[in-house]
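In what follows, a single structure is set out as structure tokens and then discussed.
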Amino acid sequence: MSKAHSGWDWRKNRVNNPQLNSAGELIHLLTIEGLPKAMIHRILDTAESFMSLNEREVKSVPLLRGKSVFNVFFENSTRTRTTFEIAAKRLSADVVNLSVDSSSTKKGESLIDTVDNLAAMAADMFVIRHSESGAPTFIAQHLNKMFGGKINVINAGDGRHAHPTQGLLDMYTIRHYKKDFTKLRVAIVGDILHSRVARSDIHALTTLGCPEVRAVGPRTLLPSHLEGMGVKVFHDLKEGIRDADVIIMLRLQNERMKGALIPSSQEYYKHFGLTEEKLKYAAPDAIVMHPGPMNRGVEIDSAVADGPQSVILSQVTFGIAIRMAVMSILASSRAGAA
Ligand code: CP
């Protein structure tokens, strides 16, 4: 990877960017922030090569034969954990799912001791979800020191910080349906304050040249720094989605909220719930996305979630190909941490 990619100089960033090795290759995927545009396109193109011609099934490609992938989820997950497992199996890797609820972390074992013990079982790749922002980066830095970048870490969602594979599968979905990022209006609606998905999507969309990224939600659920990220802010749903080509709905992340930030879920639905009537304000061919899990009747009406403009289940299928792409690119990088 060179300075030529998007004018981004990895040499300046690599000290604080354990994602890259000394040659600028991706050895971990921790965040989309600072990821070169060329690398995002490489991941999307690789994922596309794993999709069957009808774009509804994902191929089996034995690129990780003999490798061990450890799924370590310290937070609940349906889509991410399962699609990582399917992706690793489609690549012919051996997959180990650590059930954190019945692991020795419950007896007080530290995060690093847990990781060291799994590394001693010949792990080649860790997929980590954690409620603390920065936990996967901390693990990657530790493994770089111990193993010189030979063991890869993928962030499967950390606190409010980042969910890079969700961001990438969202970009795959948008590219699949809309082709060209440089002509799109994308509205991200809901609890952006607590959303790692929103952060990853905003970084990906701006890197890919999307000219208009909008954040739509009540003042209490939008962070203050959005304009600085090149995002237009709206507090009215109809105005926020007017003429939008893509609408990404987010759930209220009650588990990360401190105190009551909205009067009630009924009140929230009345103002920010996406219904068929409100969807008419968007472009007629707008697509509706949601990372899941959905709360029907809170941020989205069932008629929209299951309607003709919804691509929510396609996102899940594309997630398998994206996770295969990320794992195969990491496995092809040479070891050698920055
Ligand atoms: N989108 C997402 O991260 O879903 P899960 O929490 O089910 O993995």
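One-based numbering, in listed order, for ligands and for the atoms of each. On a predicted model such as this, the values are computed, not experimentally measured, just so you know.
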So, Gln315 and Asp170: side-chain donor and acceptor under 3.5 Å apart, yes or no?
->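 Note: Gln315 and Asp170 side chains meet the donor-acceptor criterion.
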
Ignoring hydrogens and angles, state whether a donor on the side chain of Ser102 or Ser99 is under 3.5 Å from an acceptor on the partner side chain.
->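 Side-chain D/A pair, Ser102 to Ser99: present.
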
Among all residues two or more places apart in sequence or in another chain, which pass the ring-ring contact (aromatic ring centres under 6.0 Å, His included) test with [X]?
X	answer
His130	Phe74
Phe84	none
Phe272	Tyr268

Test side-chain hydrogen bond (donor to acceptor under 3.5 Å, both in side chains) on Tyr281 and Asp243 and set out the steps.
-> CA-CA 6 Å; Tyr281 285 81; Asp243 299 324; over 6 Å; no

Contact residues of ligand 1, where a non-hydrogen atom lies under 4.0 Å away | Ser77, Thr78, Arg79, Thr80, Arg129, His163, Gln166, Pro291, Gly292

